[in-house]
Each structure stands twice: as structure tokens, then as C-alpha cells.
> 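I have a structure here, written as C-alpha cells, and I will follow up with some questions on it.
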Amino acid sequence: MRRFVRIFFGVIFAAVIFFDFTNCSAEDLRFIDANGDIGYYVDASTIQMVTDSIFFVDLAIIRASLNQMEVVNLKIDYWEQTYAIQSVRTLSYDERTELKSDNTPRATASYAKNSLIGDVAKFVIEGSI
């Protein structure tokens with residue numbers, strides 16, 4: 001019986017470690033900018049190139065004081081200097097539980113090269129800011 005209990009808890013422990021590791025490895029947050037206690041990160045694991053200048057990417061906006069993270073899915077056209085928000089999810093930062101979501105695509109808008117979206121586009125296309 002003791003052996004069964006050890007094996008059972010060993011399997012449970014291994015499963016917890018595996019699922020926790022896969023959850024952590026799903027994000028590859030790269031720092032872009034900050035403003036006070038708000039940090040802006042590109043999730044490099046979400047970059048999906050459509051053409052050499054059009055891509056989708058998640059921008060994570062972390063608000064430390066609120067323990068929240070907004071994940072904004074963007075469609076960016078680097079050469080046209082336009083972007084469109086595809087969806088927005090608000091998560092608790094620590095637990096990554098979804099607090100709310102909005103899957104309504106927004107209209108395309110322009111961005112300046114020296115803006116937050118410009119920095120995101122430059123990071124994805126050129127690999128640096």
C-alpha cells in the first residue's frame with residue numbers, strides 16, 4: 001500500500017511539474033517599454049508572419065499595482081505603418097486567470113515610428129528596438 005501511495009503521489013507531482021512547465025514556457029515576454037508601474041512586452045512566442053511585413057503578435061501590458069495583464073492581439077503592417085487590434089484579454093498577472101475578454105476587431109489605425117506600436121513592429125521585423 002505504501003508503494004502504491006508513493007507511485008500515486010509521484011505521478012501527481014510529475015503531472016503538476018509538467019503542466020506548470022508547459023504553462024510557463026508558453027510565454028516568451030520581451031521587454032519593449034515601461035511607464036511607471038506599467039510594463040509593455042512582446043510575447044515572442046505569438047509572432048505569426050503573414051508576409052514579410054504583415055504579422056500578428058500579442059502585446060502584454062502588465063499593470064503591477066493592479067496585478068493585471070492585458071494581452072492585446074495586434075495585426076501590424078510594418079511597411080504601411082498600420083495596426084489593428086484583433087482582441088483584448090485581461091488576466092490576473094499571478095495566476096493568469098482570465099478576468100474579461102473582448103474579441104471584437106477594431107478598425108485599422110496608423111502608428112508613428114517612434115511610438116509603442118512602432119517599437120513592437122521594429123522588434124518583430126528587425127529583432128531590436
Side-chain angles (χ1 to χ4, degrees):
M1 182 67 171
R2 291 179 96 187
R3 184 172 181 196
F4 174 76
V5 170
R6 283 186 186 172
I7 291 172
F8 177 76
F9 283 112
V11 169
I12 296 296
F13 179 72
V16 167
I17 295 296
F18 173 76
F19 286 114
D20 190 45
F21 176 76
T22 57
N23 186 31
C24 292
S25 66
E27 293 178 347
D28 185 6
L29 299 181
R30 307 292 178 91
F31 178 76
I32 298 296
D33 199 1
N35 184 6
D37 72 340
I38 301 173
Y40 302 92
Y41 301 82
V42 166
D43 185 349
S45 68
T46 65
I47 297 170
Q48 297 176 343
M49 299 302 294
V50 177
T51 67
D52 63 339
S53 70
I54 298 173
F55 58 90
F56 290 90
V57 65
D58 283 353
L59 172 65
I61 304 167
I62 299 173
R63 291 179 169 81
S65 63
L66 299 176
N67 188 35
Q68 287 185 350
M69 178 171 82
E70 275 188 350
V71 179
V72 182
N73 181 256
L74 299 168
K75 179 182 180 185
I76 298 177
D77 186 327
Y78 183 72
W79 297 118
E80 295 293 324
Q81 287 186 262
T82 60
Y83 74 99
I85 296 173
Q86 302 298 300
S87 66
V88 179
R89 294 182 306 136
T90 303
L91 312 169
S92 68
Y93 180 71
D94 290 343
E95 298 175 9
R96 299 295 199 271
T97 55
E98 190 170 286
L99 303 174
K100 62 182 176 179
S101 66
D102 180 358
N103 294 321
T104 307
R106 310 313 194 281
T108 301
S110 298
Y111 68 85
K113 284 186 179 182
N114 295 327
S115 66
L116 175 64
I117 302 298
D119 288 345
V120 170
K122 186 176 177 184
F123 173 82
V124 171
I125 296 296
E126 300 176 15
S128 64
I129 300 174

> Going through the distances and angles, do Y40 and V120 end up as a side-chain contact (heavy atoms from CB on, under 4.5 Å)?
CA-CA 9 Å; Y40 302 92; V120 170; over 6 Å; no

> May I have all residue pairs that pass salt bridge (Lys or Arg N to Asp or Glu O under 4.0 Å) and include part of residues 106-118, sequence neighbours excluded?
D102-R106

> Please step through side-chain contact (heavy atoms from CB on, under 4.5 Å) for the pair K75 and F56, ending with a clear verdict.
CA-CA 4 Å; K75 179 182 180 185; F56 290 90; 3.6 Å; yes

> Determine whether Y78 and V124 make a side-chain contact, defined as any pair of heavy atoms from C-beta on separated by less than 4.5 Å.
no

> Let me check something: do L66 and I62 share a hydrophobic cluster, defined by ILVMFWY side-chain heavy atoms less than 4.5 Å apart, either directly or through other members?
no

> Specify the closest pair of heavy atoms between Q86 and L74, including all atoms of both residues, with the distance to one decimal.
CG-C, 4.5 Å

> Does CD belonging to E98 count more than 12 external heavy atoms closer than 6.0 Å?
yes

> In terms of hydrophobic clustering (I, L, V, M, F, W, Y; side-chain heavy atoms under 4.5 Å; direct or indirect links), are I61 and L91 co-clustered?
no

> Quick one: pull up CD1 in I38 and CD in Q68 and give me the separation to the nearest 0.5 Å.
11.0 Å

> Flag yes if V72 and I32 sit in one hydrophobic cluster, no otherwise; membership is Ile, Leu, Val, Met, Phe, Trp, Tyr, and two members link when side-chain heavy atoms are under 4.5 Å apart.
yes

> May I ask you to check whether D94 and S92 show a side-chain donor-acceptor distance below 3.5 Å?
no

> Any chance CG of D37 has more than 12 other-residue heavy atoms, nucleotides or ligands included, within less than 6.0 Å?
yes

> Begin with the C-alpha distance, continue with both residues' side-chain angles, and end with the deciding distance and a verdict on side-chain contact (heavy atoms from CB on, under 4.5 Å) for I125 and M49.
CA-CA 10 Å; I125 296 296; M49 299 302 294; 3.9 Å; yes

> Looking only at heavy atoms, which two atoms of S115 and A112 are closest? And how far apart?
OG-O, 2.6 Å

> Identify the two heavy atoms, one from D43 and one from V57, that lie closest to each other, and give their separation to 0.1 Å.
O-CG2, 4.1 Å

> Please determine whether residues Y93 and Y41 belong to a single hydrophobic cluster, defined as Ile, Leu, Val, Met, Phe, Trp and Tyr linked transitively by side-chain heavy-atom distances below 4.5 Å.
yes

> Tell me the closest heavy-atom pair linking S53 and W79, and the distance in Å.
CB-CD1, 2.5 Å

> Does any part of the side chain of I76, heavy atoms only, come nearer than 4.5 Å to the side chain of Y111, both counted from C-beta?
yes

> Shortest non-hydrogen contact from A84 to T108?
CB-OG1, 3.9 Å

> Do you reckon V42 sits in the same ILVMFWY cluster as L116, going by side-chain contacts under 4.5 Å, direct or chained?
yes

> Hey, could you give me the CZ/CD1 distance between F55 and I47, rounded to the nearest 0.5 Å?
7.5 Å

> So, taking the atom named CD1 in I117 and the one named CD1 in I85, what distance separates them when rounded to the nearest 0.5 Å?
7.0 Å

> At what distance, to the nearest 0.5 angstrom, does CG of L29 lie from CG of L59?
10.0 Å

> Roughly how far, to the nearest 0.5 Å, is the OG1 atom of T90 from the NZ atom of K100?
5.0 Å

> Answer yes or no: does atom CZ of F123 have more than 12 heavy-atom neighbours from other residues, nucleotides or ligands under 6.0 Å?
yes

> Which heavy atom of R89 sits nearest a heavy atom of S101, and at what distance?
CG-CB, 4.0 Å

> Mind checking the CG-CG spacing from N73 to N103? Nearest 0.5 Å is all I need.
9.5 Å

